[in-house]
Structures are given as structure tokens and as C-alpha cells.
Amino acid sequence: MKIAVYPGSFDPLTNGHLDIIERASSVFDKLIVAISINTTKKTMFTLEERKAMIEVAVEPIKNVEVVIIDGLLVDYVKSLKDAVIVRGLRAISDFEMEFQMALMNRDLAPEVETMFLMTTHRLSFLSSTMIKEVDKFGGDISGYVPPNVYIAMKEKRG
Ligand code: ADP
């Protein structure tokens with residue numbers, strides 16, 4: 001069984017993330033969305049809130065599981081045996097950071113491969129940060145996030 005792990009902050013999940021999840025889940029037998037604790041970002045949603053939101057949004061896709069990981073990503077991936085890391089690429093601007101991260105992970109665990117999937121160009125400008133910014137100033141984000149995320153954001157904003 002070929003397993004892929006898609007790590008990220010997902011604060012919150014966007015339609016861009018969902019696009020990568022759909023693509024990866026059709027290529028691999030199982031896709032694990034791994035919410036990782038990012039110490040450099042202040043988040044809008046707790047880890048548990050993000051997990052619950054992703055679970056609702058991916059419910060129609062049967063081979064997707066959502067987990068929270070708190071250690072090194074490669075240690076988690078190694079524990080699954082034969083799994084790979086999947087990341088999404090939006091634009092050239094993602095490349096440098098993703099390249100650096102993939103090479104660091106390879107140095108830590110040479111047996112773990114990282115694979116990149118290109119998002120649909122229609123969603124390539126989306127980021128969680130951008131969504132939060134537009135929402136904060138009252139812009140309509142309904143076309144950029146799954147319906148349950150849209151509701152959760154409205155509730156959070158009050
Ligand atoms: P991180 O903080 O680890 O970058 P993110 O939740 O911001 O976590 O992103 C997780 C992954 O999803 C990254 O590989 C990122 O490039 C990718 N991603 C984010 N937004 C999009 C999008 N609109 N299209 C495709 N991939 C995306």
C-alpha cells in the first residue's frame with residue numbers, strides 16, 4: 001500500500017489545499033493530511049479545530065485520514081514504512097522554501113522521498129494568510145475555502 005503524507009499548517013484549509021488533497025488521494029492508496037505544529041506562525045485556529053474542519057471537508061474522499069503530529073515530520077513518515085511526503089507547489093516563489101525543506105528532510109532521512117504536486121492555476125494565488133487577510137477586512141472568501149471553513153471563519157470573527 002502506497003501512503004502519502006501531506007503536511008502543513010492548514011490555518012485554515014483552503015480550496016488550494018483541497019485541490020492537492022484530491023490529486024494526491026487519486027495517485028496514492030492512502031493520503032494522510034498531517035497538521036504540524038508550526039512554531040513560527042501564530043494561528044487563528046487550534047490544532048483540534050483545524051483537524052475537525054479538514055475531516056468535514058474531506059469526508060467525501062474515502063482514502064484520506066487527518067492527524068496531528070508534534071515531532072519531526074520525517075520520523076512520523078518513517079514510522080509508516082514506505083510512505084512519501086507530498087507538498088503543493090503554487091509558484092516559483094514556493095520553490096526556494098520547499099527545496100530547502102525537502103533537502104533538509106532528505107538529509108535527516110535519506111529513505112524518505114518528497115514529491116510535489118502542482119495546483120490548478122486557478123487556485124495558485126491562494127494562501128491561508130491571504131484568506132485571513134481578505135476576511136479580516138470584510139472581503140468575500142466563500143469561493144476560496146470549503147463551506148464549513150467559511151462558516152468557522154465567520155464564527156471566529158464574531
Ligand atoms: P506550511 O506552513 O507548512 O507551508 P501551509 O498550510 O501553508 O503549511 O501549506 C501546506 C502545503 O500546501 C505547502 O506545500 C503549500 O505550498 C501548499 N499549498 C498552500 N496553498 C496552496 C495552493 N493554493 N495550491 C497548492 N498548494 C498549496
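Note that ligands are numbered from 1 as they come in the structure, with each ligand's atoms numbered from 1 the same way.
- Proximity of a side-chain donor or acceptor of N148 to a complementary backbone N or O of V56 within less than 3.5 Å is not detected.
- Between K154 and D135 there is a salt bridge, with a side-chain nitrogen of the basic residue lying less than 4.0 Å from a carboxylate oxygen of the acidic one.
- Contacts with ligand 1 closer than 4.0 Å are made by side-chain heavy atoms of Y6 only, the backbone lying farther away.
- Close approach of ligand 1 to G16 (heavy-atom distance below 4.0 Å) involves ligand atoms 22 (C), 23 (N), 24 (N), 25 (C).
- Remark: minimum distance from atom 21 (C) of ligand 1 to any protein heavy atom is reached at R90 CD, 3.4 Å.
- Using a 4.0 Å cutoff on heavy atoms, M118 does not count as a contact of ligand 1.
- For T120, the side-chain hydrogen bond (donor to acceptor under 3.5 Å, both in side chains) criterion is met by no residue, not counting sequence neighbours.
- Every heavy atom of F116 sits 4.0 Å or more from the atoms of ligand 1.
- Within a 6.0 Å sphere centred on CG of D29, heavy atoms belonging to other residues, nucleotides or ligands number more than 12.
- Set against the non-hydrogen atoms of L126, the atoms of ligand 1 under 4.0 Å away are 20 (N), 21 (C), 22 (C), 23 (N).
- For the ligand labelled ligand 1, residue I20 lies inside the 4.0 Å heavy-atom shell.
- Some N or O of H17 is nearer than 3.5 Å to an N or O of ligand 1, by distance alone.
- With N63 contributing its side chain and F28 its backbone, the two residues share a donor-acceptor pair below 3.5 Å.
- Remark: ligand 1 and D11 share no N or O pair separated by less than 3.5 Å (distance only, no angle test).
- Scored by the salt bridge (charged side-chain N to carboxylate O under 4.0 Å, His left out) test, E22 finds no partners at all (sequence neighbours excluded).
- Taking the six-membered ring where the residue is Trp, F99 and F95 present parallel rings, their angle staying beneath 30° rather than reaching 60°.
- In this structure, atom 7 (O) of ligand 1 lies nearest to the protein heavy atom K41 NZ, 3.8 Å.
- Ligand 1 places these atoms under 4.0 Å from at least one heavy atom of D94: 16 (O).
- Residue E98 approaches ligand 1 through these ligand atoms, each under 4.0 Å from one of its heavy atoms: 13 (C), 14 (O), 16 (O).
- No donor-acceptor distance shorter than 3.5 angstrom exists from the side chain of R23 to the backbone of T119, with no hydrogens or angles considered.
- Within ligand 1, counting atoms from 1 as listed, the ones closer than 4.0 Å to a heavy atom of T119 are 24 (N), 25 (C).
- The distance from ligand 1 to the heavy atoms of F10 drops below 4.0 Å at these ligand atoms: 6 (O).
- Although no hydrogens or angles enter the test, the distance criterion places no donor-acceptor pair under 3.5 Å between the side chain of R90 and the main chain of F125.
- Residue L80 holds its CG atom at 9.5 Å from CE of M1, rounded to the nearest 0.5 Å.
- If you number the atoms of ligand 1 from 1 as listed, the ones under 4.0 Å from a heavy atom of G8 come out as 3 (O), 8 (O), 10 (C).
- Judged by distance alone, with hydrogens and angles left aside, the side-chain atoms of R87 form a donor-acceptor pair with the main-chain N or O of P7 at under 3.5 Å.
- Residue-ligand proximity: D19 is placed with every non-hydrogen atom at 4.0 Å or more from ligand 1.
- When hydrogens are left out, the protein atom nearest atom 16 (O) of ligand 1 is G88 O, 2.8 Å; that is the closest non-hydrogen contact.
- Panel note: side chain T43, backbone T46; no donor-acceptor pair is recorded below 3.5 Å.
- In terms of protein heavy-atom proximity, atom 8 (O) of ligand 1 is nearest to S9 N, 3.0 Å.
- A heavy-atom separation below 4.0 Å is found between P7 and ligand 1.
- Here the side chain of S9 pairs no donor or acceptor atom with the backbone of D11 at under 3.5 angstrom.
- Among the atoms of L123, some N or O lies under 3.5 angstrom from an N or O of ligand 1.
- Residue R87 has at least one nitrogen or oxygen atom sitting less than 3.5 Å from a nitrogen or oxygen atom of ligand 1, judged on distance alone.
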